[in-house]
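Comments concern the structure below.
Because the structure is predicted, anything quoted here is derived from the model rather than measured. Numbers for residues simply follow the sequence, beginning at 1. Counting starts at 1 for both ligands and their atoms, following the listed order.
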Amino acid sequence: MPSPAVTRAHALAAEGRHRDAFAALAEASGAGDSDALRQLADWRIQGGIVRRDLGEARALLQRAAAAGNDDAALLHAFFAANGVGGPSDWPGALESLRELAPRIAQARAQLDALADFALDEAGGPMTTPQLERLSESPSVAVARGLLGAAECAYLVSRATPMMAPSLVVDPATGRMGPHPIRTCDFASFGVYYEDFVVGAINRRIAALSGTDHAHGEPLQVLRYFPGGEYRPHMDALPATDNQRIVTVLVYLDEDYEGGETDFPELGLRFRGRPGDALMFANVDAEGRADPRARHAGLPVRSGTKLVASRWIRRTRFAYPPPTPILADS
Ligand SMILES: O=C(O)CCC(=O)C(=O)O
Ligand SMILES: [Fe+2]
């Protein structure tokens, strides 16, 4: 049961009285209501009612955690680990995760999955696997065992309840929507979901690709049932000043037939074992979209294919915030 202030704020927002709802939450937050602090943090993350402000959200989560809200404490630890809304403090965040573990099963599950790999002080990998090059230009390469079995299983278990039918950018309209080009389900690990395991995986992907982990779009997990496919496409965007320069795919399971990743222009077809990564460049030496990097996830014939996908931009990436209803908030 949420606190009375949160219930009241929801009712006011549902009536379109957003300013009153915000005032109710702000007042209760000021009085130390941990539910109100948590709710206000959510609004600051979403940015639909009030202005998105991840730094403010992180501060609110910290206060909610201090007032005894474990769920806020866990999300605050994710923010601190991954440098959301402020600097990254991996060791401090890990300490919080360990404190929460006796009370929160999800915190224990993360600590277990993290045990697959030795991490440095900042959550980065101690080593990265050797790259086997499959194509010189555009560069396509394989890194065997980039993820461990526990990490693959953890990603799948976290992604499964979040799965929704895929959306892609329609080149005709520029809008996101369902499209026959990608007939799989997907789960995206944005700020709410980028936990310690996802953060450690993103850092390993960054180390492999020689990029900064803040340059990646949220890690996605794609799930293809029989007949599901991702038709030939380029990951590079038609017009952007922050191009998707490189893609890393990590195969998460093997109980399926078909579903190879196919590069028609290169005569190359690949399917990895669980934990294997395929990395390819989407741009040429001048940074322009490289049509030879066009690729497909071929139709799955039987079973279920699960793959993690990370599109890495040239520079830091964040989704633009929505326009808030309370513009002056
Ligand atoms: O599922 C695959 O093999 C391809 C996925 C893909 O092309 C992508 O995520 O951009
Ligand atoms: Fe792709």
Hey, is Glu260 close enough to Arg269 for a salt bridge, meaning N to O under 4.0 Å? no
Any side-chain donor paired with an acceptor under 3.5 Å for [X] and [Y]?
{"X": "Thr261", "Y": "Tyr251", "value": "yes"}
{"X": "Tyr192", "Y": "Asp42", "value": "yes"}
{"X": "Tyr230", "Y": "Asp262", "value": "no"}

Of all the atoms in ligand 1, which lie at a distance below 4.0 Å from a heavy atom belonging to [X]?
{"X": "Gly297", "answer": "2 (C), 3 (O)"}
{"X": "Val307", "answer": "1 (O)"}
{"X": "Asp235", "answer": "10 (O)"}
{"X": "Thr261", "answer": "2 (C), 3 (O)"}

Sequence-distant partners of Tyr193, ring-ring contact (aromatic ring centres under 6.0 Å, His included), two or more places apart: none
For Thr247 and ligand 1, does the shortest N/O to N/O distance drop below 3.5 Å? no
Identity and separation of the nearest protein heavy atom to [atom]:
{"atom": "atom 1 (O) of ligand 1", "answer": "Tyr224 OH, 2.6 Å"}
{"atom": "atom 9 (O) of ligand 1", "answer": "Ser309 OG, 2.7 Å"}
{"atom": "atom 8 (C) of ligand 1", "answer": "Tyr230 CE1, 3.5 Å"}

Would you give the angle at the Fe ion (ligand 2) between Asp235 atom OD1 and His295 atom NE2, to the nearest 10°? 100°
Would you say Glu260 contacts ligand 1, with heavy atoms under 4.0 Å as the rule? no
Can you tell me if Lys305 contacts ligand 1 (heavy atom of the residue under 4.0 Å from the ligand)? yes
Measure across Arg223 and Cys184 and return the closest heavy-atom pair with its distance rounded to 0.1 Å. O-CB, 3.1 Å
Which atom of His233 approaches the Fe ion (ligand 2) most closely (N/O/S): NE2
Mind telling me whether Phe196 and Trp90 have parallel, tilted or perpendicular rings, with 30° and 60° as the class edges? perpendicular
Is the Phe263-Phe280 ring centre distance short of 6.0 angstrom? yes
